[in-house]
**Q** 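After the structure tokens below, expect a handful of questions from me.
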Amino acid sequence: FMAELAYENQTFVELLTDDGLVVLARGLGLNRLFIKFLKLYSDPRTLVLVINTSNKQEGYFCNELRKGGVEYTPKVITNEYSAKERETLYLMGGTLFVTSRILLLDLLRKQCPIEKVQGLLVYNAHKVTDSATEAFILRLYRQNNKVGFVKAFSDSPEAFTNGFCQLERVMKNMFLKHVYLWPRFHATVSAALSRHQPDVVELRQQMTPNMTAIQLAV
């Protein structure tokens, strides 16, 4: 894993200490933060469910964890597993990527031991709208498990400006009280980025006589 910046460490500690929604400006390394939590909970003695990730994101996260030497990488539960096989995987513990449709079905059928789930990691949290399947999953989870954590992640701050009180509604859907905002102008972020300024190289193409004539004509 690459060396961590000060704001990344602070974000990790804040979210680890208190459940909440972390919103990073795009490009500040949400994937790196999420991988730290996946690494932390990749242990068969726990049961942590990850929802709202795409197939591509799941592949990327698992690959990065393997490269980082993580022994128990997350398993991906899809409809390729039978109901009985999924029930066995839940009981085996560890971190599990679960498609929302499958998880909702398993929760309603009592095949997922929801009372044993240590927590939920919610990626792309800005998509947890009132009508989203993930909102229903979180409601069932919180109704049946009062002590498990919920940690949500997003790097799409502009999505929370759409509609009326969109951020408040998303927070309510996830039963969260804390939001951690990390824009680029945050003092800690700005200090970290200022130490690694990009090199700007300006290239100027000399115009040919014909190009000069066209420019003068315009």
Side-chain angles (χ1 to χ4, degrees), residues 8-24 30 33-53 58 61 65 70-77 81 83-154 160 167-182:
E8 292 178 321
N9 284 327
Q10 187 175 339
T11 308
F12 177 77
V13 172
E14 286 181 345
L15 190 57
L16 181 63
T17 304
D18 290 307
D19 287 0
L21 164 65
V22 60
V23 182
L24 267 66
L30 184 70
L33 175 65
F34 197 68
I35 287 171
K36 286 188 68 174
F37 278 95
L38 290 176
K39 182 181 179 183
L40 176 65
Y41 296 119
S42 292
D43 188 326
R45 292 171 296 183
T46 66
L47 176 57
V48 175
L49 306 179
V50 185
I51 60 174
N52 218 23
T53 50
E58 291 162 3
F61 292 137
L65 290 169
V70 176
E71 182 178 0
Y72 299 100
T73 54
K75 295 181 178 64
V76 181
I77 296 181
Y81 291 96
K84 190 64 178 178
E85 289 172 332
R86 295 197 303 270
E87 189 173 358
T88 301
L89 287 173
Y90 292 132
L91 294 175
M92 288 173 62
T95 301
L96 304 175
F97 289 107
V98 193
T99 60
S100 297
R101 186 177 65 83
I102 291 296
L103 180 56
L104 179 57
L105 183 64
D106 289 344
L107 289 175
L108 292 174
R109 291 181 174 179
K110 308 294 183 182
Q111 291 175 319
C112 176
I114 195 167
E115 70 284 350
K116 295 182 179 179
V117 176
Q118 184 174 342
L120 293 183
L121 299 177
V122 185
Y123 205 65
N124 297 316
H126 52 278
K127 296 182 179 180
V128 186
T129 58
D130 295 344
S131 58
T133 303
E134 292 77 20
F136 190 21
I137 289 172
L138 285 155
R139 188 177 306 115
L140 291 174
Y141 170 68
R142 192 46 83 206
Q143 287 175 352
N144 296 277
N145 187 327
K146 306 296 184 183
V147 297
F149 66 75
V150 175
K151 301 184 189 301
F153 306 77
S154 175
F160 294 101
L167 176 59
E168 181 181 351
R169 294 166 70 178
V170 170
M171 296 283 289
K172 183 179 179 180
N173 290 336
M174 296 188 292
F175 298 88
L176 294 174
K177 297 179 180 179
H178 303 289
V179 59
Y180 306 102
L181 301 176
W182 288 88

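Quick caveat: nothing in here was measured; it's all calculated off a predicted structure. Both backbone and side-chain heavy atoms feed into the values below; hydrogens, waters and symmetry mates do not.
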**Q** Looking at Asp106 and Cys112, would you say the former's side chain and the latter's main chain have a donor-acceptor pair under 3.5 Å?
**A** no
**Q** Any idea which heavy atoms bring Gly20 and Tyr180 closest together, and the distance?
**A** CA-CE1, 4.1 Å
**Q** Can you check whether Lys75 reaches Leu89 side chain to side chain, under 4.5 Å on heavy atoms?
**A** yes
**Q** Just how far is it from atom CZ of Arg101 to atom CD of Glu134, taken to the nearest 0.5 Å?
**A** 12.5 Å
**Q** Should Leu21 and Leu167 count as side-chain neighbours, where that means a heavy-atom distance under 4.5 Å?
**A** yes
**Q** Just how far is it from atom CD of Glu58 to atom CD1 of Ile77, taken to the nearest 0.5 Å?
**A** 10.5 Å
**Q** If I compare all heavy atoms of Tyr90 with all of Gln111, which pair ends up nearest, and what's the gap?
**A** CD1-O, 3.7 Å
**Q** Using a cut-off of 6.0 Å, state whether more than 12 heavy atoms not belonging to Glu168 lie near its atom CD.
**A** no
**Q** Can you see which heavy atom on Ala152 is nearest to which on Leu15, and at what distance?
**A** O-CD2, 4.4 Å
**Q** Do you know which two heavy atoms are closest between Thr95 and Tyr41, and how far apart they sit?
**A** OG1-O, 2.8 Å
**Q** Please determine whether side-chain contact (heavy atoms from CB on, under 4.5 Å) holds for the pair Ile137 and Ser100, giving the CA-CA distance in whole Å, both sets of side-chain angles, and the decisive distance to 0.1 Å.
**A** CA-CA 8 Å; Ile137 289 172; Ser100 297; 3.9 Å; yes
**Q** Contact between Leu140 and Leu104 at the side-chain level, heavy atoms closer than 4.5 Å - yes or no?
**A** yes
**Q** Drop me the distance from Lys39's NZ to Leu65's CG, to the nearest 0.5 angstrom.
**A** 8.5 Å
**Q** Are the side chains of Leu176 and Met171 in contact, using a 4.5 Å heavy-atom criterion?
**A** yes
**Q** Just checking Phe175 against Tyr141, ring centres under 6.0 Å apart?
**A** no
**Q** Taking side chain as C-beta onward, heavy atoms only, is Lys151 less than 4.5 Å from Val122?
**A** no
**Q** Any heavy-atom pair between the side chains of Val117 and Val48 that's under 4.5 Å?
**A** no
**Q** Assess the residue pair Leu107 and Leu105 against the criterion (side-chain contact (heavy atoms from CB on, under 4.5 Å)); give the C-alpha distance rounded to whole Å, side-chain angles, the decisive distance to 0.1 Å, and a yes or no.
**A** CA-CA 5 Å; Leu107 289 175; Leu105 183 64; over 6 Å; no
**Q** Do the non-hydrogen side-chain atoms of Thr11 and Asn9 ever get within less than 4.5 Å of each other?
**A** no
**Q** When rounded to the nearest 0.5 angstrom, what is the spacing between NZ in Lys36 and CZ in Phe12?
**A** 5.0 Å
**Q** Kindly give the heavy-atom pair with the smallest separation between Arg142 and Gly148, and that separation in Å.
**A** NH2-O, 2.8 Å
**Q** Evaluate the criterion side-chain contact (heavy atoms from CB on, under 4.5 Å) for residue pair Val50 and Leu38; output intermediate values, then yes/no.
**A** CA-CA 9 Å; Val50 185; Leu38 290 176; 3.9 Å; yes
**Q** Got a second to check how far Lys116's NZ is from Thr46's OG1, nearest 0.5 Å?
**A** 13.5 Å
**Q** Report the relative orientation of the aromatic rings in Phe153 and Phe34; use parallel for angles under 30°, tilted for 30 to 60°, perpendicular for over 60°.
**A** perpendicular
**Q** Between Leu30 and Tyr123, does the side-chain contact (heavy atoms from CB on, under 4.5 Å) criterion hold? Intermediate values first, please.
**A** CA-CA 10 Å; Leu30 184 70; Tyr123 205 65; 3.9 Å; yes
**Q** Pick out which of Val150, Thr133, Asn173 makes a side chain to side chain contact (heavy atoms under 4.5 Å, CB included) with Leu138.
**A** Val150
**Q** Distance-only, no hydrogens or angles: does the Asp43 side chain make a donor-acceptor pair with backbone N or O of Gly94 under 3.5 Å?
**A** no
**Q** Decide yes or no for Val170 and Ser154: does some side-chain heavy atom of the first lie under 4.5 Å from some side-chain heavy atom of the second?
**A** no
**Q** If you count the non-hydrogen atoms of other residues, nucleotides and ligands that lie under 6.0 Å from NZ in Lys110, is the total more than 12?
**A** no
**Q** Relative to the ring of His126, is the ring of Phe160 parallel (under 30°), tilted (30 to 60°) or perpendicular (over 60°)?
**A** perpendicular
**Q** Looking only at heavy atoms, what is the nearest atom pair of Ile102 and Val98, with distance?
**A** CG2-CG1, 4.3 Å
**Q** Between atom NZ of Lys127 and atom CG of Asn124, what is the distance when rounded to the nearest 0.5 Å?
**A** 4.5 Å
**Q** Are there over 12 heavy-atom neighbours, none belonging to Phe149, within less than 6.0 Å of that residue's CZ?
**A** yes
**Q** Spell out, as yes or no, whether a donor-acceptor pair under 3.5 Å connects the side chain of Thr88 to the backbone of Lys84.
**A** yes
